[in-house]
J.: 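Okay, here's the structure, questions in a sec.
Since this is a predicted model, take the numbers as computed values, not measurements.
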Amino acid sequence: MRLTLRTLLAYLDGNLEPDDSQDIGKKIEESEFATKLVHLIRDCTRRLRLGAPPLMGRGLGADSNSVAEYLEYRLPDERVPEFERICLESEIHLAEVASCHQILTLVLGEPAEIAVETRERLYALAAHVDSSPVEEAKAPVKAPAAAIPPAPPITKRPKLEVPEYLRESRWRWWPVAALVLVGATLTFAGLLVFGPPQLRQRVVGLVQASADQAGSQPSDQAAPKDADPPTEPAAGRNPAAVETRPEEPTTVEDPTGRDPAVAVPEKPSGEDPLAPPAPEPAQPEPAKPVDPSAATTSDPLDKPLPGEPSKPAPEAEPDKKPQVAPSGEQPPAPAAEPVKQEDAPREPPESFGRYTSKLEVLLKLNPQTGDWVRLPATAPLNKSDRLLSLPAFRPTLTLGSNVTIQADGPALFELVGWTDEEIPILAVEFGRLLMLTVGKADNSLQLKIDGHETLLTFVDAESTLAVEVGHELPAGKDPEGAAAPVWANVYATSGLIRLRAGDDAPVELQAPAQRSLVHLAEEQPADAKFPTWVTSEEQSDIDRLATGQVDRHLTIAKPAGLQLRELADPQKTRRREVRSLAVRSLMYLDDFEPCVKAMNDENERLFWPQGMDELRAAVARGPKTAARVRAAFENERGAEAGAGLYRILWGYSSTDLSGGADRDLVEALNSDALDFRVMSFLTLQDLTGATHGYRPDDQEIKRRTAYKSWKQRIGKITPRSDRSPSKSRSTKGD
């Protein structure tokens, strides 16, 4: 199918057959002009103030009939190039054509439902309009054969009224008053609990005095004005040390010459809950006259509060002994000051941060069931959360320490906890992460990679960093024999980054700079360029379409594996790009059966290179994952064929190729099994960079010439020098 403007619009609106859609999608990826045109169409159709051509315009570009004829394939062929040129030169005309095509797709795909009465009335109105006014005037007044059906009765729209709960309150200040009242109550309670002891004692004494005074008088009879108010015991004083008050105040001679009347209050019936424990009673001594000045100064209620002027204390007599109550009991000891306890050690916060993306997908492992579930948007993150980002997605999360982390594609990491300095610890198993600090200088994050712990410090407030972690599988080694070595690189894209591993000396990276993170001594070459993913955020249209479909399909109600299985089923999902993304995502959930089936399906030809890269990355992630890949091949293809396909994933060293492995790979190109041909050809292409025109899905007669070309290279096949080692992430396009 040719790539024209009409076929491009049909591709964007999903009107093509699956085979044609894949063909057009591949042509768009190969053509830079077509890719830019796709972005231009989407940009101009979404622009709100772009404008539109005149309603009654003339000419090929301004006439609305030209747009209709072009979309209906009725415009003459000699005028099509000129019309398309007008659309490519004018964004207004391009937006009109694209929008009309999209509206027609929606209308024709889902026809509008019109009531039968409305349709009949419209037809009758059309017949009535076509008749001339003169004929209607001459015609006798009688009911026509096809009378216009009466219009439905017009019901008067009820007057809109504001609901009661939306009506404005008459007094708008009641929330402020409530807030002030609550604040005053909390302030009073705080002063009462945490304030000075003198204030607390005075408040308690006043409350008790008011309660006793109210209880000593009848409710219907007011107290006489000349009656002396009852005196309450001081807060903090032992009630046992206070005598009952006699009916008449007792006059006691004062050694100083004064003759005051000392009134001793009655003993309260209950204990003061705030008073200290009463001291043990001492031996009775002869009663001595009570000095009112001494009694006054010993009362803690008479002590001045902070900010009040202090009263002059009476001069103490040198020969004066402490006064004793008439009952023989000693007065209570002064209340001791509360001892300040040392602050308890500060515990690390419970919340680790928050997941801030809304249109991305981030999975969280449920430790009880072992299932991966989708994390809701703006969900909180907690300690020990194990998170997984899927291919083509870029979820973002913000830690409590103001460090923002964005995953680029598949990534597996865990929120371990905090250091003693409350620095968050992030364990990364594989993936690409973009990190930055949000306006905070000297912000730190500790990375844990394969037992290596590195402290990252964003020295500048605008520092940004990229981290890539993967596993390198040695060519020809059994992945189940031992774990593949881990490699990690760090890229400082802006600002100053400080790295420190354990007790080693810190290493500073002034952007732009890069270094190996696992071994800080291994410095990258100064002229080494950053990978494309570090500085670019471009996403292909196919990935954007696929991620949108997966995002709408995945919910938090069911495990993500079950929902991705539905998307990977060809009978349930029509779009191949969506199925491919679902199959790739399932491989990071250790579900390899859909991928094994796709490698043996001739309809999944565009998925084969991605599937091969994902299978190689899976066997490099660890012995357990490699064992699951082998089990998937054996369950689907049998023990012998499954073991042969699994061996191809190990890769081949120069020793393996010179020992006869090259012959086995070339012979597999002529196999009857499609998956053997596919995986062998992709391996040879990766080793040598050549194709010789071979296509695994061609018929045998078409493959014969290319197979002979490969057969002539037996014994001469060696890994190319510019070939990068097999890693757990595909680096194509970097």
J.: Any side-chain heavy-atom pair from H553 and E566 closer than 4.5 angstrom?
T.: yes
J.: To the nearest 0.5 Å, what is the distance between CD (E667) and CG (L665)?
T.: 10.5 Å
J.: Do L412 and R621 have side chains that get closer than 4.5 Å, going by heavy atoms?
T.: no
J.: Answer whether the closest heavy-atom distance between the side chains of Y646 and L615 falls below 4.5 Å.
T.: no
J.: Does K27 NZ have over 12 foreign heavy atoms under 6.0 Å away?
T.: yes
J.: With respect to L433, which candidate in D408, V469, V428 satisfies the side-chain contact (heavy atoms from CB on, under 4.5 Å) definition?
T.: V428
J.: Would you indicate whether E453, at its atom CD, is surrounded by more than 12 heavy atoms from other residues, nucleotides or ligands within a distance under 6.0 Å?
T.: yes
J.: Roughly how far, to the nearest 0.5 Å, is the CG atom of D698 from the CD atom of E602?
T.: 10.5 Å
J.: Please tell me whether Y491 and F530 form a close aromatic pair, meaning their ring centres lie under 6.0 Å apart.
T.: yes
J.: Should we count CD of E30 as having more than 12 external heavy atoms under 6.0 Å?
T.: yes
J.: Applying salt bridge (charged side-chain N to carboxylate O under 4.0 Å, His left out) to R386 and E429, what does each step give before you reach the verdict?
T.: CA-CA 11 Å; R386 194 170 176 84; E429 295 193 15; 2.4 Å; yes
J.: Count the heavy atoms belonging to other residues, nucleotides or ligands that lie under 6.0 Å from CD of E32, then report whether that count exceeds 12.
T.: no
J.: Do L687 and D662 make a side-chain contact, defined as non-hydrogen atoms from C-beta onward lying under 4.5 Å apart?
T.: no
J.: Could you walk me through whether D656 and S653 pass side chain to side chain donor-acceptor pair (under 3.5 Å), step by step?
T.: CA-CA 5 Å; D656 296 334; S653 62; 3.2 Å; yes
J.: Who passes side-chain hydrogen bond (donor to acceptor under 3.5 Å, both in side chains) against D569, sequence neighbours left out?
T.: none
J.: Under 3.5 Å, side chain of S389 to main-chain N/O of L362, donor-acceptor pair present?
T.: no
J.: Aromatic rings F681 and Y694: how do their planes relate, parallel, tilted or perpendicular, breaks at 30° and 60°?
T.: tilted
J.: Any chance you could measure L12, atom CG, to T7, atom OG1, to the nearest 0.5 Å?
T.: 9.5 Å
J.: Quick one: do R374 and D551 satisfy salt bridge (charged side-chain N to carboxylate O under 4.0 Å, His left out)? Show the steps, please.
T.: CA-CA 10 Å; R374 181 175 183 178; D551 171 46; 2.4 Å; yes
J.: Answer whether the closest heavy-atom distance between the side chains of R695 and R605 falls below 4.5 Å.
T.: yes
J.: Does atom CZ of R663 have more than 12 heavy-atom neighbours, drawn from other residues, nucleotides or ligands, at distances under 6.0 Å?
T.: no
J.: Regarding R628 and the six-membered ring of F592, is the cationic atom NZ or CZ under 6.0 Å from the ring centre and inside 45° of its axis?
T.: no
J.: On the ring face of F607, is R579 found with NZ or CZ under 6.0 Å from the centre and within 45° of the axis?
T.: no
J.: Less than 4.5 Å apart, any side-chain heavy atom of D591 and any of R565?
T.: yes
